[in-house]
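Each remark here refers to the structure printed beneath this line.
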Amino acid sequence: MPDPVSRLAQALTDIAGVPVELERPSDAEHGDYATNVALRLAPTRGRPPREVADEIAAEALARGLVAAAETAGPGFVNLRVTDQWLSDAVSEIVGAGDAFGSQSADGPERIQVEMVSANPTGPLTVASARNAAYGDAVARLLAFAGHAVEREYYYNDAGAQMESFHSSVEAVRRGEEPPEDGYQGDYIAELAKLPGDPVPAMLEQIEATLERFRIHFDTWERQSAVEVEIPEAVALLDTFEEEGALWARTSAHGDDKDRVLIRSDGAPGYFAADAAYIRRKYARGFDRLIYVLGADHHGYVGRLQALAEMLGHPRESLEVLIYQLVSLIEAGEAKKMSKRRGDVVFVDDLMDTIGVDAARWFLVSRGHDQAIELDVDLAKQRTQKNPVYYVQYAHARIAGILRNAGDQGLVAQSYKADLAGALSAEERELVKRLLEFPALAAESAERRAPHAIPNYAIRVADDFHRFYHHHRVLGTETEGFRLSLCAAVQGIVARCLDLIGVEAPERM
């Protein structure tokens with residue numbers, strides 16, 4: 001869905017004959033938008049960049065695309081749009097509603113995002129919370145871009161960790177301490193009070209935690225169901241035998257070494273299960289597979305992409321998104337956590353302490369390739385020092401303005417952004433900030449980088465609060481435009497919050 005800025009860029013592309021990208025100058029005195037296209041064109045045209053820039057600027061003016069255009073520096077074209085262009089843009093944002101900035105994908109795909117996938121040996125921890133918050137935000141961005149997205153949770157229902165979990169629960173049932181290398185903690189004692197297999201009860205608790213965290217999984221996949229298909233998957237791979245074991249020749253497909261499929265004792269290795277799982281995913285019709293894994297899984301990138309290629313799919317159609325660790329800081333000190341020792345911080349405890357909104361915000365507010373130190377004391381604050389509260393307050397403040405407008409008979413859908421005078425500097429900057437959203441959302445989806453969304457939302461809130469500090473909305477000559485502008489800000493703030501799983505309150 002083209003937006004005002006991309007349409008302007010396309011009109012300039014038609015003039016230049018090559019793709020034009022527009023940027024906002026850091027200083028509004030240099031115009032509203034700028035492009036360096038003349039610098040790129042000059043060598044091919046054999047002319048000075050400033051001459052090319054002068055021609056582009058003159059043609060942009062002649063076509064009525066902008067209010068002013070001038071050449072600056074070595075050959076930049078600085079552009080200033082009209083107040084009417086900005087006013088029309090506000091009307092477009094309000095009219096598009098939730099769809100503004102969506103459907104940016106050139107070729108929509110069926111994508112599966114597999115995330116969390118923690119073994120059901122205990123409640124979800126803060127480490128899993130980052131996986132969940134990041135993975136779900138990526139999924140939301142991809143869906144907003146126009147892809148069909150499914151969320152999947154894969155868990156082991158067999159193996160050494162599950163045996164240790166079972167033995168820990170059984171020991172407590174007998175009145176004994178769990179094994180030294182087993183699982184500790186109050187949750188083991190609670191599970192021991194229940195009859196039968198503790199795994200279903202643990203899974204039920206995990207699913208409830210995730211739903212509370214605003215993450216709904218479409219499918220839950222078990223290791224035992226996947227392992228049944230190992231022989232069929234292995235038969236499709238390029239293999240060789242060595243020292244009694246069966247190996248996959250993954251080094252021929254970009255992996256750093258070959259991988260064992262079937263050990264010398266005849267038992268399948270983890271990699272064989274990976275092969276069966278990937279084959280199963282593609283067989284369900286997905287165009288792209290995304291794994292969200294912790295920092296200790298860097299080695300999985302090459303091996304999983306090699307498997308995709310060996311099974312007949314483009315290696316780039318399988319992505320492994322690696323996120324770094326998260327630690328909690330409270331009263332200036334880091335908490336030490338271990339699920340086995342039982343001194344771990346669980347996701348439910350985190351939500352109880354700082355709330356779902358703050359947890360979701362802080363866990364995606366930095367790039368996934370950076371470690372997070374979550375300041376619990378800051379996240380608990382209900383003041384404008386807390387960034388999630390600050391952004392939500394902007395939304396709630398606008399909701400209050402619109403309620404007051406409604407009391408005066410002004411209906412949101414009928415706001416008319418007519419101009420009654422020149423736009424102020426604060427109004428112009430706020431509109432231009434809003435118009436950054438489509439490109440930002442598209443890039444965030446493409447780069448799997450949801451941290452750009454909360455950072456942008458803070459800038460929108462900054463610009464709105466600055467506008468609100470300088471200008472009244474109701475009872476002014478430009479009431480219609482300012483109500484439209486408020487509605488546009490509210491919509492984009494709400495969309496930003498929703499993309500990272502945070503609520504947009506009407507009142508605070």
Side-chain angles (χ1 to χ4, degrees), residues 113-140 151 153-156 161 165 168 183-188 190-191 202-217 291-298 321-381 386-389 450-451 454 500-503:
V113 179
E114 186 218 312
M115 56 190 180
V116 186
S117 297
N119 289 333
T121 56
L124 293 180
T125 68
V126 169
S128 294
R130 183 170 195 187
N131 186 312
Y134 170 61
D136 184 58
V138 168
R140 288 172 184 244
R151 296 161 177 80
Y153 189 116
Y154 175 89
Y155 65 93
N156 294 346
Q161 289 188 27
F165 172 63
S168 299
Y183 291 88
Q184 313 284 333
D186 293 341
Y187 74 93
I188 294 293
E190 291 300 316
L191 289 170
M202 194 70 260
L203 281 170
E204 185 177 339
Q205 183 178 334
I206 287 171
E207 185 170 5
T209 297
L210 289 165
E211 290 286 351
R212 181 186 173 196
F213 205 46
R214 303 183 190 132
I215 300 174
H216 177 77
F217 280 88
Y291 287 74
V292 182
L293 300 174
D296 55 341
H297 289 78
H298 272 289
L321 306 180
I322 302 290
Y323 64 92
Q324 296 299 314
L325 300 177
V326 57
S327 57
L328 300 183
I329 306 296
E330 192 166 14
E333 295 185 0
K335 287 179 172 287
K336 295 181 179 179
M337 295 177 281
S338 166
K339 186 190 289 189
R340 285 181 182 267
R341 291 200 310 268
D343 56 357
V344 68
V345 176
F346 296 125
V347 178
D348 282 304
D349 296 332
L350 182 66
M351 291 189 285
D352 289 342
T353 303
I354 67 175
V356 179
D357 288 334
R360 291 289 304 247
W361 176 284
F362 280 92
L363 288 169
V364 297
S365 60
R366 298 195 62 157
H368 58 282
D369 57 348
Q370 297 180 326
I372 286 180
E373 290 187 346
L374 198 164
D375 186 335
V376 173
D377 298 316
L378 173 62
K380 285 192 297 188
Q381 287 189 30
N386 183 344
V388 64
Y389 184 93
H451 67 278
I500 58 172
V502 174
E503 291 187 335

4.5 Å side-chain heavy-atom contact, M351 and T209: yes
Intermediate values then yes/no, side chain to side chain contact (heavy atoms under 4.5 Å, CB included), T353 and V345: CA-CA 11 Å; T353 303; V345 176; over 6 Å; no
More than 12 heavy atoms from other groups under 6.0 Å of CD on E204: no
Does the side chain to side chain contact (heavy atoms under 4.5 Å, CB included) test come out yes or no for R214 and D357, once each step is laid out? CA-CA 10 Å; R214 303 183 190 132; D357 288 334; 2.6 Å; yes
Is there side-chain contact between E330 and D377, with at least one heavy-atom pair below 4.5 Å? yes
Smallest heavy-atom separation, G135 atom then V113 atom, equals O-CG1, 4.0 Å
For the pair M202 and T121, evaluate side chain to side chain contact (heavy atoms under 4.5 Å, CB included) and give the outcome as yes or no after the intermediate values. CA-CA 7 Å; M202 194 70 260; T121 56; over 6 Å; no
Distance, nearest 0.5 Å, that separates OG1 of T125 from CG of D349: 11.0 Å
Would you say N156 and Q161 make side-chain contact, with heavy atoms under 4.5 Å? no
On the 0 to 90° scale, with breaks at 30° and 60°, tag the H368-Y134 ring pair as parallel, tilted or perpendicular. parallel
d(L378 CG, I329 CD1) to nearest 0.5 Å is 12.0 Å
Could you grab the distance from atom CD1 of I372 to atom NE2 of H451, nearest 0.5 Å is fine? 10.5 Å
For residues F362 and P454, determine if any side-chain heavy atom of one lies less than 4.5 Å from a side-chain heavy atom of the other. no
Are any non-hydrogen side-chain atoms of K380 and I354 less than 4.5 angstrom apart? yes
Nearest-0.5 Å distance that lies between atom CH2 in W361 and atom CG in N386: 9.0 Å
Is there a side-chain contact between F213 and D348 in this structure, where contact means two heavy atoms from C-beta onward sitting under 4.5 Å apart? no
Looking at every non-hydrogen atom in both residues, tell me the closest pair between R130 and R366 and how far apart they are. NH2-O, 3.6 Å
Got V116 and I206 here, is their nearest side-chain heavy-atom distance under 4.5 Å? no
Evaluate whether atom CD of Q381 has more than 12 neighbouring non-hydrogen atoms of other residues, nucleotides or ligands under 6.0 angstrom away. yes
All heavy atoms of V126 vs all of V347, minimum pair found to be N-CG2, 4.3 Å
What is the minimum heavy-atom distance between F217 and Y153, and which atoms define it? CD2-N, 3.4 Å
For the student: nearest non-hydrogen atoms of A133 and V364, plus distance: O-CG1, 3.5 Å
State the CZ-OG distance between F346 and S128, to the nearest 0.5 angstrom. 10.5 Å
Intermediate values then yes/no, side chain to side chain contact (heavy atoms under 4.5 Å, CB included), V138 and V292: CA-CA 10 Å; V138 168; V292 182; over 6 Å; no
Could you check whether any side-chain heavy atom of R140 comes within less than 4.5 Å of a side-chain heavy atom of I500, counting everything from C-beta outward? no
CZ-CG distance between R151 and D136, expressed to the nearest 0.5 angstrom: 4.5 Å
